[in-house]
Asks: 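Can you read through this structure? Questions will come right after.
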Amino acid sequence: MPEPFDRYAVIMAGGHGERFWPLSSPGRPKQLLRIADPKRSLLGLALDRAQLVVPLSRIYIATSVDLVGPIARDIPEFPREQILAEPCKRNTSGALSWATANILARAPESAAQGSIAVLASDHIIQPAEDFQQTLQAAFEVAESSGALGTIGIKPTRPETGYGYIEVDTLRNITADIACFYAQSFHEKPSAIRANEYLQDGRYYWNSGMFIWTIGSFLEELSHAAPALANGVKSIAEALAKGQSDQARVEFEALPDISIDFALMERARNVSMTESSFSWDDLGSWDSLRRALPVDHEGNLQIGDAAVLDSKNCLVVNDSSNQLISVLGAEDMVVVATEKAILVCPASRAQEVRKMVRHLESQNRDRV
């Protein structure tokens, strides 16, 4: 029998703290907010889920240099040496190249026969036990088939804010779970096209989570993006020799491109495991009402807040010395911190970045 794979997890935890302004900031981006659990950040919850399948010693967090300190303070139980700071920004393909190279450099023998789950730090996933079962199944498929694996979410609405995966529903890879060969990836669609995807049944939301063996990853990367594959190997060699400056030079030479464009859309063998859990990627403030329990009028209150004669409102109060009250409102987002207050229609919550840019153009502190 073949030797079992050593399993690793890489939690992607970059981010600039824009979409959830004013609660988020460059030093406290979305993944460090405690909006799903008052005692645990989104990153902390992601770490808890990962440990259901992968031991802590083989979990890594990929982030930027500026966030190493905040992450270490947020989850002090996590080994600081396993927080991997990318030397500069090179998109998700760079983050995964840097993480893979570090894993190969630190454990060259076991990692070469290992498999990796690429997980997000800013998703709300429930229940954790269903996530555990799905990830376990995705690992098994990747290790047995050699395919680059993804986790797909069965659409529940014609969502235009997510990418989609089209699968061959007639070719189930295994009889035990819903796992299919992926045919193509599709960018965020129009409302008409999203409704067509919903009705079709062959399209899934792309969760942005990936599972593959390191061997398959490097093989497919060599085919789809040779510069990235060579970069991973060169960085790993430099790191193994303790040549951190050379590793940084090699990393800076990598192309700035997402892993979806660089690899997944060009890969020859891709599988998709259907999730058995509830999922939301929290792209903006209004998504919280989908992911967390609301009252009978569709309102969600976090912190010291009062809502009266209002419908479908999100009210978040992170300040300690004031009450936030909302009267007679509908479909509104109200977020208050000690230094700033945001009020906007829920339909424009995706545009919070515009306010951040506006404040920056006026040389005003984003807080």
Side-chain angles (χ1 to χ4, degrees), residues 12 19 49 91-93 96 117-120 122-127 130-142 144-212 216-217 220 224 257-284 286-291 347 349-350:
M12 306 289 279
R19 293 184 179 181
R49 290 193 298 269
N91 216 306
T92 51
S93 67
L96 290 177
V118 180
L119 308 175
D122 57 357
H123 293 178
I124 288 185
I125 292 175
Q126 298 172 333
D130 285 0
F131 171 83
Q132 177 185 12
Q133 294 174 4
T134 300
L135 184 58
Q136 180 77 25
F139 262 124
E140 292 171 0
V141 170
S144 63
S145 69
L148 302 184
T150 65
I151 293 178
I153 313 296
K154 193 70 173 176
T156 57
R157 61 185 183 276
E159 176 61 56
T160 61
Y162 300 153
Y164 285 73
I165 304 170
E166 180 183 0
V167 301
D168 185 348
T169 54
L170 298 179
R171 299 177 65 204
N172 196 340
I173 295 176
T174 172
D176 298 330
I177 57 173
C179 182
F180 309 97
Y181 285 104
Q183 291 186 320
S184 58
F185 289 78
H186 299 266
E187 294 304 305
K188 298 174 183 179
S190 65
I192 294 176
R193 184 59 58 85
N195 191 63
E196 292 174 353
Y197 289 169
L198 180 65
Q199 301 301 321
D200 186 288
R202 294 179 297 121
Y203 295 84
Y204 289 74
W205 290 334
N206 183 358
S207 72
M209 291 181 276
F210 308 107
I211 304 91
W212 47 54
S216 295
F217 171 69
E220 287 290 343
I257 186 173
S258 73
I259 196 66
D260 296 85
F261 287 130
L263 177 62
M264 299 308 294
E265 295 184 8
R266 304 177 186 179
R268 298 162 295 182
N269 187 12
V270 179
S271 67
M272 190 218 72
T273 301
E274 181 180 327
S275 70
S276 60
F277 49 81
S278 172
W279 172 90
D280 201 297
D281 79 337
L282 295 186
S284 61
D286 61 314
S287 62
L288 278 177
R289 288 199 316 107
R290 293 195 305 262
S347 61
Q350 293 275 359

Asks: How long is the span from the CZ atom in R202 to the CD1 atom in I165, to the nearest 0.5 Å?
Replies: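 Rounded to the nearest 0.5 Å, the CZ-CD1 separation comes to 13.5 Å.
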Asks: Partners of F139 by ring-ring contact (aromatic ring centres under 6.0 Å, His included), sequence neighbours excluded?
Replies: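 Expected list: none.
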Asks: Which heavy-atom pair separates R290 from D280 by the least distance, and what is that distance?
Replies: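 Minimum heavy-atom separation between R290 and D280: NE-OD2, 2.9 Å.
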Asks: Are H186 and N206 side-chain neighbours, meaning at least one heavy-atom pair lies under 4.5 Å?
Replies: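 They are not in contact (no side-chain heavy atoms under 4.5 Å apart), so the answer is no.
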Asks: Hydrogens and angles aside, do Q126 and S278 bring a side-chain donor and acceptor to less than 3.5 Å of each other?
Replies: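 The criterion, which ignores hydrogens and geometry beyond distance, is not satisfied for S278 and Q126.
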Asks: When you compare the side chain of L282 with that of L288, does any pair of heavy atoms fall below 4.5 Å?
Replies: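 Heavy-atom side-chain distance check passes, below 4.5 Å.
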Asks: Looking at every non-hydrogen atom in both residues, tell me the closest pair between I151 and S207 and how far apart they are.
Replies: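 Nearest pair, atom of I151 first, then S207: O-OG, 2.7 Å.
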Asks: Are more than 12 heavy atoms from other residues, nucleotides or ligands located less than 6.0 Å from atom CZ of F185?
Replies: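 More than 12 within 6.0 Å, yes.
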Asks: Using every non-hydrogen atom in the two residues, find where L263 and A224 come nearest and quote the distance to one decimal.
Replies: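 Taking L263 first and A224 second, the nearest heavy atoms are CD1-CB, 4.1 Å.
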Asks: Take atom NZ of K154 as the centre, draw a 6.0 Å sphere, and report whether it contains more than 12 heavy atoms from other residues, nucleotides or ligands.
Replies: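 Check passes, neighbour count above 12.
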Asks: Hey, could you give me the CG/CZ distance between L119 and R49, rounded to the nearest 0.5 Å?
Replies: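 Taking CG in L119 and CZ in R49, the distance rounds to 8.0 Å.
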Asks: Decide whether S258 and T92 meet the rule of one side-chain donor and one side-chain acceptor closer than 3.5 Å.
Replies: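 Not at all, the side chains of S258 and T92 share no donor-acceptor pair under 3.5 Å.
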Asks: Are any non-hydrogen side-chain atoms of F277 and H123 less than 4.5 angstrom apart?
Replies: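 Not in contact.
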Asks: To the nearest 0.5 Å, what is the distance between OG1 (T273) and CD (Q133)?
Replies: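 Going from the OG1 atom of T273 to the CD atom of Q133 covers 13.0 Å.
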Asks: Could I get the full list of salt bridge (Lys or Arg N to Asp or Glu O under 4.0 Å) partners for E274, not counting sequence neighbours?
Replies: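 Partners of E274 by the salt bridge (Lys or Arg N to Asp or Glu O under 4.0 Å) criterion come out as none, since no residue qualifies.
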Asks: Yes or no on side-chain hydrogen bond (donor to acceptor under 3.5 Å, both in side chains) for S93 and N91, after CA distance, side-chain angles and deciding distance?
Replies: CA-CA 6 Å; S93 67; N91 216 306; over 6 Å; no
Asks: Given the rule in the side chain to side chain contact (heavy atoms under 4.5 Å, CB included) test, do W279 and I125 qualify, once you have shown the distances and angles that lead to the verdict?
Replies: CA-CA 5 Å; W279 172 90; I125 292 175; 3.9 Å; yes
Asks: Would you compute the distance between atom CE of M272 and atom CG of D168 and round it to the nearest 0.5 angstrom?
Replies: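 Those atoms lie 11.5 Å apart.
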Asks: Nearest 0.5 Å, please: how far is NZ in K188 from CD in E159?
Replies: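 So the gap between those two atoms works out to 9.0 Å.
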Asks: Measure across A138 and I211 and return the closest heavy-atom pair with its distance rounded to 0.1 Å.
Replies: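 The answer is CB-CD1, 3.7 Å.
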Asks: Quick one: list whatever passes side chain to side chain contact (heavy atoms under 4.5 Å, CB included) with P155, sequence neighbours left out.
Replies: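 Checked P155 against side chain to side chain contact (heavy atoms under 4.5 Å, CB included); matches are Y164, L198, W205.
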Asks: Please say whether more than 12 non-hydrogen atoms of neighbouring residues, nucleotides or ligands are located less than 6.0 Å from CZ in R193.
Replies: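 Open.
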Asks: Any heavy-atom pair between the side chains of S216 and L148 that's under 4.5 Å?
Replies: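 Yes - at least one pair of side-chain heavy atoms lies under 4.5 Å apart.
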Asks: Compare every heavy atom of A194 with every heavy atom of T160, then report the nearest pair and how far apart it is.
Replies: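 Closest approach of T160 to A194, heavy atoms only: CG2-CB, 4.2 Å.
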Asks: For F210 and F217, what are the C-alpha separation, side-chain angles and deciding distance, and is it a side chain to side chain contact (heavy atoms under 4.5 Å, CB included)?
Replies: CA-CA 10 Å; F210 308 107; F217 171 69; over 6 Å; no
Asks: Once you round to the nearest 0.5 Å, how far does OG of S145 lie from CH2 of W212?
Replies: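 Answer rounded to 0.5 Å: 13.5 Å.
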Asks: Could you go through M12 and L96, starting from their C-alpha distance and side-chain angles, then the distance that decides it, and tell me whether this counts as side chain to side chain contact (heavy atoms under 4.5 Å, CB included)?
Replies: CA-CA 9 Å; M12 306 289 279; L96 290 177; 3.7 Å; yes
Asks: Can you name the closest pair of heavy atoms from A267 and E220 and give their distance?
Replies: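 Looking at all heavy atoms of both residues, the shortest contact is CA-OE1, 3.6 Å.
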